[in-house]
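One structure is given below, encoded as structure tokens.
Atoms considered below: every heavy atom in the structure, side chains included; atoms not considered: hydrogens, waters and symmetry mates.
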Amino acid sequence: MISYISRRIGAGLILIASASFIVFALMLANSGNVARNILGDQASLEQLAAKKAQLGLDEPLLVQYASWLGHAVRGDLGQSWFNAESVGYLLMSRIPVTLSIAVGTVLLSTLISLVMGVAAAVYRGWLDRLLQVVSVAGLVFPGFWLALVMVVKVSIEWGLVPATGYVAFGESPFGWMQSLLLPVFAMAIGAVAGLSQQVRSATIAVLEMDFVRTLRSRGLPETSVLFRHVVRNAAPPTLTVLSLNFIALMSGAVMIERVFALPGLGSIAVEATGVGDIPIVVGAVVISVVIVVIVNLVIDLVNGWLNPKVRLS
């Protein structure tokens, strides 16, 4: 187990380094106007050249990246090129927002998918057909469109919850829930579409196995067979899809944060990309990849706990 975790951490570090280098190189290739964006249109050529030298933009790509990486491994992600604030401080204040959206969406979509998928697999009939319709609808309508519809209907016309903004949990738990309600629902609909189908398919496959018929022949209650044995054996493939959903949610949060004016990682990364603030963009990518690596590792460990075959392999 320890060697497996070590291998996964090593692979995660390689992924983080690769992602940061690619983003660093792409941003640097389009950094021609950064100095002018900082100093303004009235800056002279001498001032622009001095600013580029100060930022290290006159150095080769590998030299700049090596300098950034050397500071990053010590926990220093640099400073914003536009306001000189610590990148680590700016991004750490945004992480709770993005994580609240992503985790809330995962929990809600998992709960709904389990109920719908298991019910459709066990009872079939109209429940199964309803699941197919809901899945198709969830895949057809994009999350940002649903978000806009919810803002117009739920917030503006009905006035049930605020349309935009974020309230920290420490300030007001109820306000925090209100600020996350629409974003989480908008993203959960699309996540439910694919996850519920996976739960249904995995549950049907387990229900058709011989050991389930054996358990039933021994007189075990149907609820015990279903929840203690069937759902547990159907969980591993579902967890795999859930990990992929989490990656999609981290990227999809960018658009949702823009729609609801939420100060998350996605919104600050988009703003920084527009002006060419490379330290913020690369820092946001690194933190996002770190979160994804940690979540995937946790899901793999849970998968191994649920499925001894995975644990042995």
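At a threshold of 4.5 Å between non-hydrogen side-chain atoms, the residues R129 and V133 do not count as touching. Side-chain contact between F21 and I16 is absent, with no heavy-atom pair separated by less than 4.5 Å. Side-chain contact between W81 and L57 is present, with at least one heavy-atom pair separated by less than 4.5 Å.
V115 and V184 sit in two unconnected hydrophobic clusters of ILVMFWY residues. Membership requires side-chain heavy atoms under 4.5 Å apart, directly or through other members. I14 and V23 are members of different hydrophobic clusters when ILVMFWY side chains are connected at heavy-atom separations under 4.5 Å. Note: the hydrophobic cluster containing V122 also contains F211 (ILVMFWY, side chain heavy atoms under 4.5 Å, direct or indirect links). No single ILVMFWY cluster, assembled from side-chain heavy atoms under 4.5 Å apart, contains both I256 and L107. A continuous path of ILVMFWY side-chain contacts below 4.5 Å connects V298 to I247, so both sit in one hydrophobic cluster.
Between the CD1 atom in I280 and the CD1 atom in I268 there is a gap of 4.5 Å [rounded to 0.5 Å]. Rounded to the nearest 0.5 angstrom, L26 CG and T273 OG1 are separated by 10.5 Å. With rounding to the nearest 0.5 angstrom, the CD atom of Q54 is 8.0 Å from the CD1 atom of I38. L99 contributes atom CG, which lies 10.0 Å from atom CD1 of I287 (distance to the nearest 0.5 angstrom). The CG atom of L207 sits 12.5 Å away from the NE2 atom of H229 when rounded to the nearest 0.5 Å. Between R7 atom CZ and L297 atom CG the span is 11.5 Å, to the nearest 0.5 Å.
Between F24 and W68, the ring planes are tilted. Angles from 30° to 60° get that label.
In terms of modelled atom types and a separation under 3.5 Å, the side chain of N37 and the main chain of V275 share a donor-acceptor contact. Checked by atom type and distance alone, the side chain of S20 pairs as donor or acceptor with a backbone atom of A17 at under 3.5 Å. Between the T98 side chain and the I95 main chain, no donor and acceptor come within less than 3.5 Å of each other. Within the 3.5 Å criterion, the main-chain N or O of A121 finds no donor-acceptor partner in the side chain of R200. Between the side chain of S155 and the backbone N or O of V161, at least one donor-acceptor pair lies under 3.5 Å. When atom types are taken as modelled, the side chain of D76 and the backbone of A72 share no donor-acceptor pair closer than 3.5 angstrom. Put simply, the side chain of T203 gets close to the backbone of V199: a donor and an acceptor are under 3.5 Å apart. Side-chain N or O atoms of S196 include none that pairs as donor or acceptor with a backbone N or O of G117 at under 3.5 Å. No donor-acceptor pair under 3.5 Å is formed between the side chain of S224 and the backbone N or O of P221. Looking only at distances, a side-chain donor or acceptor of E257 sits under 3.5 Å from a matching main-chain atom of G266.
Taking the charged nitrogens against the carboxylate oxygens, R258 and E271 do have a contact shorter than 4.0 Å, which makes a salt bridge. Classification of R213 and E208 as a salt-bridged pair fails, no side-chain N sitting under 4.0 Å from a carboxylate O.
Heavy-atom minimum distance, M250 versus A102: SD-CB, 4.2 Å. Nearest heavy atom pair, residue S243 against residue N296, reads CB-OD1, 3.1 Å. Of all heavy-atom pairs spanning G276 and V34, the tightest one is O-CG2, 3.5 Å. For the residue pair V192 and S113, the shortest heavy atom distance occurs at CA-OG, 3.6 Å. When all heavy atoms of A163 and V151 are compared, the pair lying nearest together is CB-CG1, 4.0 Å. Here the shortest heavy-atom pairing between A202 and T238 reads CB-OG1, 4.3 Å.
Tested against F246 for a side-chain contact (heavy atoms from CB on, under 4.5 Å), the candidates V241, T105, V106 yield a single pass: V106. Shown are I156, I189, V259; of these, the side-chain contact (heavy atoms from CB on, under 4.5 Å) with M150 is made only by I189.
Remark: Y89 OH is loosely packed, at most 12 non-hydrogen atoms of other residues, nucleotides or ligands lying under 6.0 Å away. The local environment of CZ in F185 is sparse, with at most 12 non-hydrogen atoms from other residues, nucleotides or ligands closer than 6.0 Å. Around atom CD of Q42, no more than 12 heavy atoms belonging to other residues, nucleotides or ligands sit under 6.0 Å away.
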Run the side-chain contact (heavy atoms from CB on, under 4.5 Å) check on R36 and K51 step by step: do they pass?
-> CA-CA 9 Å; R36 187 169 295 280; K51 175 57 70 173; over 6 Å; no
Check against side-chain contact (heavy atoms from CB on, under 4.5 Å), M187 and L108 | CA-CA 10 Å; M187 296 187 68; L108 181 62; over 6 Å; no
Take Y166 and L180 through the side-chain contact (heavy atoms from CB on, under 4.5 Å) test and state the conclusion after the steps.
-> CA-CA 8 Å; Y166 176 77; L180 293 177; 4.1 Å; yes
Chi angles and distances behind the side chain to side chain donor-acceptor pair (under 3.5 Å) call for S267, R94 | CA-CA 9 Å; S267 60; R94 305 289 186 119; 3.2 Å; yes
Decide yes or no on side-chain contact (heavy atoms from CB on, under 4.5 Å) for S109 and N245, but give the supporting numbers first.
-> CA-CA 10 Å; S109 61; N245 274 357; 5.5 Å; no
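In summary, the side chains of S86 and Q79 do not present any donor paired with an acceptor at a separation below 3.5 Å, with no hydrogens or angles considered.
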